[in-house]
Amino acid sequence: MTVRVRFAPSPTGHPHIGNIRTVVFNWLFARHQHGQFILRIEDTDRTRYVEDAIRVITDGLRWLGMDWDEGPEVSGDYGPYVQSARTAIYREKAEELVAMGKAYRCDCTPERLEQVREVQRARGETPMYDGYCRNRPIGEVAPDKPHVIRLKVPRDGVTVMHDILRGDITFENRLIDDQVLLKSDGYPTYHLAVVVDDHMMGITHVMRGDDWISSEPKRLLLYAAFGWEPPIYAHVPLVLGMDGKKLGKRHGAVSIDEFRRQGYLPEAVFNFLALLGWSPGAGEEQEIFTREELIARFDITRINLAPAVFSYDKLNWMNGAYIRALSREELLERLIPFWADAGMIPPDVPVELLPTLKLLVPLVQERLKTLRDVVELTDFIFTDIATPPVEKLIGNQMTAEQSLEAIRRVQALLAEAPHFEATALEMPLRQLAAELGLKAGQLFSIVRNVVTGKEVSPPLFGSIEALGREKTLKRLERAEEALVGYITSQQGK
RNA sequence: GCCCUCAUCGUCUAGCCAGGUCUAGGACACAGGCCUUUCAAGCCUGGUACAUGGGUUCGAAUCCCGUUGAGGGCACCA
């Protein structure tokens, strides 16, 4: 039997990273089993439909490197793969159930239903349909008047769901509602559409969030009504935020495109997600896995059952590890859009700028947690900086006069340096520090502040080289002026 | 309220199914140290966990039951 799994999102917004984790499991399972991964759009709720959502979903999947064998944009033998294009099928199936006496028409108003539920809640009962239309004679609810079709759920007995991760889960039928299958607008509910589609599309395994467990007996009863074999179930735990609540917007980035914009590498996100609630086990201590390794090792039965908290700390570490493993050429290529987005370089990089960028890459590579960090780390190269306040120009345990002397000597040295390169600059500057009776750190800290405007920066000599002689000297000159001004004002007192 | 699920360091987890090799292993984070022009990266060291009560057993993180806690569900939403 060929494994066929699906991801069936509804286009109601940006896909949530917790859901995407479940997609990763589905995709890895399909690829491991040499099966098929199907993308199906569940757009039966036209009130929540969001225009661009399908494209956002497909872009997100592609960004993470997850391809689909059937679905929008690739077609397949079981289409259409968008539920709004399949409404005739659902209507037909719902009518079949009515004809078989396994479902019935209901024209109760929303107001009456709410009233019924109100009373039930007041009595502490589980709110559910009271079965008013279930017992009316067939034909009393006119087929051509607005109505819904409900499933006639058995009033006794139990429904058992077998889950390959959790074993058998038993539900009492008397607690299961007479579920609406077809809404009054002619669209199917999720329950009908998913059962019909999973059956007709030959889905073999349904892997999804465990928030679906409670409602699965409704669908199992539907399978039974149709006389169809249900798929194999695997309910995976939810992803939570640091506060233990279901992951949501207030926890930070939650949609794929946010992670992309924040400078996370898709391969890092994929790796991280695969390990969120799953592990290869067997004493394995490796954490960084290639896509191929994950496919080869993925074992659905090793999915953890406890909900997992999404740790940005660990993702940041992993993203940094992936960044460090990139070749310089590749990192440069990935960095360019982030520099461009920040307005530091034009999106079409002029050739004369390339040498500078190439110089910067090794300087920042092991300092980046995300690609976007490069902006903050290198902005002093692309934008003019304000001359730092005087106290930053005076070295540790040094006088203003000593610092001024140091700056002047550095100026002279850099103005005359035959090779304006990091490696050629380091020794002379160290010698200068010794000549001035300073520790290297004392001198470099002044220069760092002058040149980068920061206490903390990428390696100093590389930064100086990348900035270039002209700009470096200019900043030194301005610092010199500032110090002179300060010393004069002090003397005046 | 009713129903369902889950429970190992702060977090992700290994170990649990086939009880002893677990004075519970790894990773992230944290603390200290080394390296070092800052910050990183790297290396070394450290602290922190089997929710709780009862069984079963010579022996339980591992099996069973209760309790507690957490999460989810109870729509003409998916």
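Numbered from 1 within each chain, the chains take letters A, B, ... in sequence-line order. Keep in mind that the numbers below use all heavy atoms, side chains included, and drop hydrogens, waters and symmetry copies.
Atom CG in A/Leu460 sits about 14 Å away from atom C1' in B/U36, given to the nearest Å. Rounding to whole angstrom units, CD of residue A/Glu366 and C1' of B/U36 are separated by 12 Å. Following rounding to the nearest Å, A/Asn449 (CG) and B/C39 (P) show an atom-to-atom distance of 13 Å. As rounded to whole Å, 15 Å separates atom P of B/U38 from atom CG of A/Leu429. One can place CG of A/Asn319 at 15 Å from C1' of B/A40, the figure rounded to the nearest angstrom.
B/A14 and B/U57 have their P atoms separated by 31 Å, with the value rounded to a whole Å. Nucleotides B/C44 and B/C63 are separated by 41 Å at their C1' atoms, to the nearest Å. Look at the P atom in both B/A61 and B/C17: the space between them is 12 Å, to the nearest Å. Of the C1' atoms belonging to B/G26 and B/U48, the separation is 15 Å, rounded to the nearest Å. Between B/G46 and B/C9, the distance separating the two C1' atoms is 14 Å to the nearest Å. For the C1' atom pair drawn from B/G19 and B/A60, the interatomic distance equals 6 Å after rounding to whole Å. Rounded to the nearest Å, the gap between the C1' atom of B/G72 and that of B/C30 is 32 Å. Across B/A24 and B/C50, the matching P atoms stand 11 Å from one another, rounded to whole Å.
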Under a 4.0 Å heavy-atom criterion, the protein footprint on nucleotides 64-78 of chain B, written with B, S and -, is -------SBSBSBBB

Readout for nucleotides 15-28 of chain B: B = base within 4.0 Å of protein heavy atom, S = sugar-phosphate only, - = neither; 5' to 3' it is S---------SBBS

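A/Phe461 comes within contact range of at least one nucleobase, with a heavy-atom separation under 4.0 Å. Counting any heavy atom pair closer than 4.0 Å across all strands shown, A/Pro237 reaches no nucleic acid atom. Using a 4.0 Å heavy-atom cutoff across all strands shown, A/Gly277 reaches sugar-phosphate atoms only and no base atom. Using a 4.0 Å heavy-atom criterion, one finds that A/Arg166 contacts the sugar-phosphate atoms exclusively.
In this model, a donor atom of one side chain and an acceptor atom of the other lie less than 3.5 Å apart for A/His235 and A/Arg208.
Under the Watson-Crick or G-U wobble criterion, with both distances below 3.5 Å, B/A24 has no partner in any strand shown. With a 3.5 Å ceiling on both atom-pair distances, the Watson-Crick or G-U wobble partner of B/U52 is B/G66. Nucleotide B/C30 is matched to B/G46 when pairs are restricted to Watson-Crick or G-U wobble geometry with both distances under 3.5 angstrom. For B/G1, the paired nucleotide is B/C74, the pair qualifying as Watson-Crick or G-U wobble because both relevant distances are below 3.5 Å.
Nearest heavy atom pair, residue A/Leu305 against residue A/Pro237, reads O-CB, 3.5 Å.
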Salt bridge (charged side-chain N to carboxylate O under 4.0 Å, His left out) between A/Asp178 and A/Lys152, worked out: CA-CA 6 Å; A/Asp178 273 6; A/Lys152 201 178 277 183; over 6 Å; no

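Among A/Phe289, A/Phe29, A/Phe25, A/Phe298, the one residue that satisfies the ring pair (Phe, Tyr, Trp, His ring centres under 6.0 Å) test with A/Trp278 is A/Phe298. A side-chain contact (heavy atoms from CB on, under 4.5 Å) with A/Arg367 is found for exactly one of A/Ile323, A/Asp373, A/Leu377, namely A/Leu377.
Proximity note for A/Phe171 (side chain, C-beta onward) versus B/A41, B/A40, B/C3: the nearest is B/C3.
Residues A/Tyr104 and A/Asn135 are not in side-chain contact: their nearest non-hydrogen atoms beyond the backbone lie 4.5 Å or more apart. When side chains are defined from C-beta on, A/Arg105 does not count as touching A/Cys133, because their heavy atoms never get closer than 4.5 Å.
A salt bridge does not link A/Asp198 with A/Arg219: none of the charged nitrogens is closer than 4.0 Å to a carboxylate oxygen. Ion pairing between A/Asp43 and A/Arg86 fails under the 4.0 Å rule for side-chain N and carboxylate O.
The number of heavy-atom neighbours closer than 6.0 Å to CZ of A/Arg469, taken from other residues, nucleotides and ligands shown, is above 12.
The residue among A/Asp168 and A/Val456 whose nearest nucleotide of RNA chain B is located toward the 5' end is A/Asp168.
Note: A/Phe272 and A/Phe270 fail the aromatic proximity criterion, with ring centroids not under 6.0 Å apart.
With hydrogens and angles ignored, a donor-acceptor pair closer than 3.5 Å exists between the side chain of A/Arg448 and the base of B/U37.
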